Amino acid sequence: MTIYEYQQEILRLKKEKDICILAHSYQAREITEVADFTGDSYQLSIQAKNASQKTVIMCGVRFMAETVKLLSPNKTVLLANATAGCPMAEQMDKELIETVKEQYPGYTVVAYINTTAELKTICDVCVTSSSAVKIVRNLPNKNILFIPDCNLGDYVAKQVPEKNLKLLQGGCPIHARVSSKDVKAARQAHPNAEVLVHPECTPEVLTLADFIGSTSAIMEYAKASDKSDFIIGTEISIAQHLSYQCPKKHFYTLSKNLICPNMKATSLIDVYHAVAGVGGEEILLDDETVKKARLCIDRMIKLG
Ligand code: 13P
Ligand code: SF4
């Protein structure tokens, strides 16, 4: 079967079986084309909450599928490829953060959504890259323990100087390896291009950028801009999607290392197997985890 034939079969099966397919913007184009919704982590959470279908297939990484399950515990939630984890989400576990919390009594624990459902059970509120500044600014407490991404945390701390943020040494290994040298080289190669970066990049890289935003914010900025050339400082797929959406503009990847193997783990065949009922991993969370972890996501949606 060709890619097109697989896509047609997926579209037919998901309609027949009342399935919703959610895809993070880092997914390949052949997957986003069959998805009911594609967006950044925050937008996916909203869609997960509102989807009317009985089954949801997440094309992304494990914490995203867990977030869907937290918001819709009565639905069947499948992670299209069971090996797709997020290394950042696995950096800090519940035991570690319980110990850290003891050292910072009275702090509000703000968890980037890239954390496990288990860890969320002991946190106060979740944030995503697009909602972190707004949510931290609106929290009543001045003292914040921000986990796990220190790059996003540093960015938030600078935007909200009135708050006292304690950061830990976690982060995205993909975005963290982009250097200021990469930015300088890309600017030299494309002198008329604007540099748009994700806040998971290091503070040195962010200082050199023209725009900082989530995956969706970067895409919206580039689409709305009068400029024609852009250097994209996030996973390589965003430059590719933008090239399809704005064929008259030029998009260059900030570094060829910006490839997330976990986000790339899901293939169209995985999605086909999941809709056909012979693939994917069903996400199962116990009632206690759902009850406690959901509070952080609900607060994020309320405040974001
Ligand atoms: P956003 O979807 O918030 O832009 O985050 C990107 C990311 O790394 C997700 O894992
Ligand atoms: Fe995790 Fe980084 Fe990959 Fe996003 S890009 S899934 S944060 S490793």
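Indexing begins at 1, ligand by ligand and atom by atom, following the structure's order. The structure displayed is predicted, hence computed values, not measured ones.
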M88 heavy atoms within 4.0 Å reach ligand 2 at atoms 7 (S)

Per-atom filter on ligand 2: closer than 4.0 angstrom to a heavy atom of E200 are 2 (Fe), 7 (S)

Protein contact of [atom] - nearest heavy atom, named by residue and atom, plus distance:
atom: atom 8 (S) of ligand 2; result: P87 CD, 3.4 Å
atom: atom 7 (S) of ligand 2; result: N114 ND2, 3.2 Å
atom: atom 3 (Fe) of ligand 2; result: C260 SG, 2.4 Å
atom: atom 2 (Fe) of ligand 2; result: C172 SG, 2.3 Å

Assess, by modelled atom type and distance only, whether the side chains of [X] and [Y] contain a donor and an acceptor separated by less than 3.5 Å.
X: N141; Y: T108; answer: yes
X: N164; Y: Y107; answer: yes
X: Y221; Y: E194; answer: yes
X: S216; Y: Q43; answer: yes
X: Q7; Y: E30; answer: no
X: T55; Y: Q53; answer: no
X: Y112; Y: E200; answer: yes

Under 3.5 Å donor-acceptor, S225 side chain and K227 backbone
yes

I'd like the atom pairs linking ligand 1 to the protein - N or O on both sides, separation under 3.5 Å - with distances to 0.1 Å.
| residue | atom | partner | partner atom | Å |
| --- | --- | --- | --- | --- |
| ligand 1 | 2 (O) | H24 | NE2 | 2.6 |
| ligand 1 | 2 (O) | S41 | N | 2.8 |
| ligand 1 | 2 (O) | S41 | OG | 2.9 |
| ligand 1 | 3 (O) | S41 | OG | 3.4 |
| ligand 1 | 3 (O) | S129 | OG | 2.6 |
| ligand 1 | 4 (O) | S129 | OG | 3.3 |
| ligand 1 | 4 (O) | H198 | NE2 | 2.9 |
| ligand 1 | 4 (O) | T215 | N | 2.9 |
| ligand 1 | 4 (O) | T215 | OG1 | 3.0 |
| ligand 1 | 5 (O) | H198 | NE2 | 3.3 |
| ligand 1 | 8 (O) | E200 | OE1 | 3.4 |
| ligand 1 | 8 (O) | E200 | OE2 | 3.1 |
| ligand 1 | 10 (O) | N114 | ND2 | 3.3 |

Output for pair (L196 CG, D210 CG), nearest 0.5 Å, gives 7.0 Å

Exercise. Flag H175 as yes if one of its N/O/S atoms falls below 2.8 Å of atom 2 (Fe) of ligand 2, otherwise no.
Key: no

Among P173, G171, A89, C86, the residue with a heavy atom nearest to atom 1 (Fe) of ligand 2 is C86

Exercise for review: Please report the C-alpha distance between Y26 and T234 in whole Å, then the side-chain angles of each, then the deciding distance to 0.1 Å, and finally whether the side-chain hydrogen bond (donor to acceptor under 3.5 Å, both in side chains) criterion is met.
Suggested key: CA-CA 9 Å; Y26 289 160; T234 191; 2.6 Å; yes

